[in-house]
Amino acid sequence: TLSTLEMVRKRYPDMLLCIASNGLDMPLWLDEIEKLSVSHASITVNAVDPVIGKQIYSWVRSGKRTLPPDQGVEILMENQLESIIGLKQRGIIVKVNAIVLPGINDHHIGDIAKKMASLEVDLLNCMPYYPNPGSNFAHLPEPDGKLMNPIRQEAESYIPQMRHCT
């Protein structure tokens, strides 16, 4: 990813560069991201409570190790926060995406918004989960407006919402 960004930066020096990540390995590359003048980053954060995170992630691959949820979720969450803090310290605009999973984290998005506001995240995008056949969450319904609107309103009391993305 960084090699590609470097090639783009050389060829198009004035182009805005944005990086999207779950934040797991990003702490290792924060200085390189800054050197490439990445201006925006999107980090997906689906939980800030490990109990909820363990319901979302059945495993986490950290380095060359595949970890069970009990270990992996803690590392993922720690690295996500470290990534966000590091990006903000480097003057990079940060948007957090939170995928709303009905019955799993839909009641938790306000907590995510509150935590992201405390880290001075610029924008939160509450995204409805789209069911994918064969996935672990294929049985979940796609959140409709009746679920999403109150979630976004609550989150907006803490942090600006991205509402234009469909």
Side-chain angles (χ1 to χ4, degrees), residues 1-50 52-53 56-57 60-63 72-101 104-106 108-130 132 135 137 142-143 145 147-166:
T1 300
L2 293 175
S3 296
T4 301
L5 289 173
E6 187 176 355
M7 288 186 286
V8 170
R9 175 59 66 219
K10 284 180 183 175
R11 177 124 187 205
Y12 305 100
D14 297 326
M15 181 179 279
L16 292 177
L17 296 180
C18 178
I19 192 165
S21 173
N22 68 2
L24 179 61
D25 289 331
M26 190 175 277
L28 302 171
W29 307 107
L30 288 167
D31 290 336
E32 287 80 359
I33 291 168
E34 180 182 30
K35 287 176 190 170
L36 289 167
S37 299
V38 171
S39 60
H40 296 71
S42 293
I43 307 293
T44 299
V45 177
N46 294 323
V48 292
D49 178 342
I52 295 169
I56 297 171
Y57 302 100
V60 173
R61 183 146 175 92
S62 180
V73 166
E74 297 281 345
I75 292 169
L76 173 63
M77 291 181 173
E78 184 179 303
N79 287 6
Q80 287 173 331
L81 297 179
E82 186 179 340
S83 296
I84 292 165
I85 292 166
L87 291 164
K88 293 302 299 174
Q89 288 173 340
R90 289 162 175 81
I92 297 171
I93 295 168
V94 177
K95 172 178 64 86
V96 165
N97 295 320
I99 301 168
V100 178
L101 299 159
I104 298 173
N105 73 347
D106 54 335
H108 181 59
I109 303 298
D111 294 331
I112 295 170
K114 192 183 302 186
K115 181 64 177 178
M116 296 305 110
S118 77
L119 299 175
E120 299 182 3
V121 165
D122 299 282
L123 192 63
L124 179 65
N125 185 15
C126 298
M127 303 169 63
Y129 168 74
Y130 182 78
N132 293 288
S135 74
F137 300 119
E142 181 177 357
L147 180 63
M148 293 301 298
N149 290 335
I151 287 171
R152 288 179 173 138
Q153 287 174 350
E154 178 188 5
E156 196 163 40
S157 69
Y158 302 107
I159 187 170
Q161 294 297 289
M162 181 173 175
R163 293 184 181 262
H164 60 277
C165 182
T166 58

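Considering all non-hydrogen atoms of both residues, Ala98 and Leu124 come closest at CB-CD1, 4.2 Å. When all heavy atoms of Leu147 and Pro150 are compared, the pair lying nearest together is O-CD, 3.4 Å. Closest heavy-atom contact between Pro143 and Met148: CB-SD, 3.7 Å. Trp29 and Asp25 make their closest contact through CD1-O, 3.2 Å (heavy atoms, listed as atom of the first residue, atom of the second, distance). Heavy-atom minimum distance, Gly53 versus Ala47: N-CB, 3.7 Å. A pairwise comparison of heavy atoms in His108 and Val48 identifies NE2-N, 2.9 Å as the closest pair.
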**Request:** Start with the C-alpha gap between Val45 and Val121, add the side-chain angles, then the distance that decides, and say whether side chain to side chain contact (heavy atoms under 4.5 Å, CB included) holds.
**Result:** CA-CA 12 Å; Val45 177; Val121 165; over 6 Å; no

**Request:** Determine, stepwise, if the pair Val73 / Glu78 fulfils side chain to side chain contact (heavy atoms under 4.5 Å, CB included).
**Result:** CA-CA 8 Å; Val73 166; Glu78 184 179 303; over 6 Å; no

**Prompt:** Given the rule in the side chain to side chain contact (heavy atoms under 4.5 Å, CB included) test, do Val8 and Lys10 qualify, once you have shown the distances and angles that lead to the verdict?
**Reply:** CA-CA 5 Å; Val8 170; Lys10 284 180 183 175; over 6 Å; no

**Message:** Checking Leu76 against Gln80 for the side chain to side chain contact (heavy atoms under 4.5 Å, CB included) test, could you report, in this order, the C-alpha distance in whole Å, the side-chain angles of both residues, the deciding distance, and whether it holds?
**Reply:** CA-CA 6 Å; Leu76 173 63; Gln80 287 173 331; 3.6 Å; yes

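With rounding to the nearest 0.5 angstrom, the CG atom of Asn79 is 6.5 Å from the OG atom of Ser62. Between the OG atom of Ser39 and the CG atom of Leu87 there is a distance of 11.5 Å, given to the nearest 0.5 Å. Here CD of Glu34 is found 10.0 Å from CD of Gln89. Values are rounded to the nearest 0.5 Å. We find the CD-CD1 distance between Glu82 and Ile84 to be 11.0 Å, quoted to the nearest 0.5 Å. Here Ser37 contributes atom OG and Leu5 contributes atom CG; the two are 11.0 Å apart, rounded to the nearest 0.5 Å.
You'll find the side chain of Tyr129 stays beyond 4.5 Å of the side chain of Ile104, heavy atoms only. Side-chain contact check for Met26 versus Ile33: some heavy-atom pair is nearer than 4.5 Å. Looking only at side-chain heavy atoms (C-beta outward), Val94 and Leu119 stay at 4.5 Å or farther from each other.
Within the 3.5 Å criterion, the main-chain N or O of Lys95 finds no donor-acceptor partner in the side chain of Asn97. Distance alone, capped at 3.5 Å, places no donor-acceptor pair between the Arg152 side chain and the Met162 backbone. Checked by atom type and distance alone, the side chain of Arg90 pairs as donor or acceptor with a backbone atom of Gly86 at under 3.5 Å.
Screening Val100, Leu101, Asn46, Ile99 for a side-chain contact (heavy atoms from CB on, under 4.5 Å) involving Ile109 leaves a single residue, Val100.
Sorted by first and then second residue, the salt bridge (Lys or Arg N to Asp or Glu O under 4.0 Å) pairs involving residues 109-129 (not counting sequence neighbours) are Lys88-Asp122.
In this structure Glu142 satisfies the salt bridge (charged side-chain N to carboxylate O under 4.0 Å, His left out) test with no other residue, sequence neighbours excluded.
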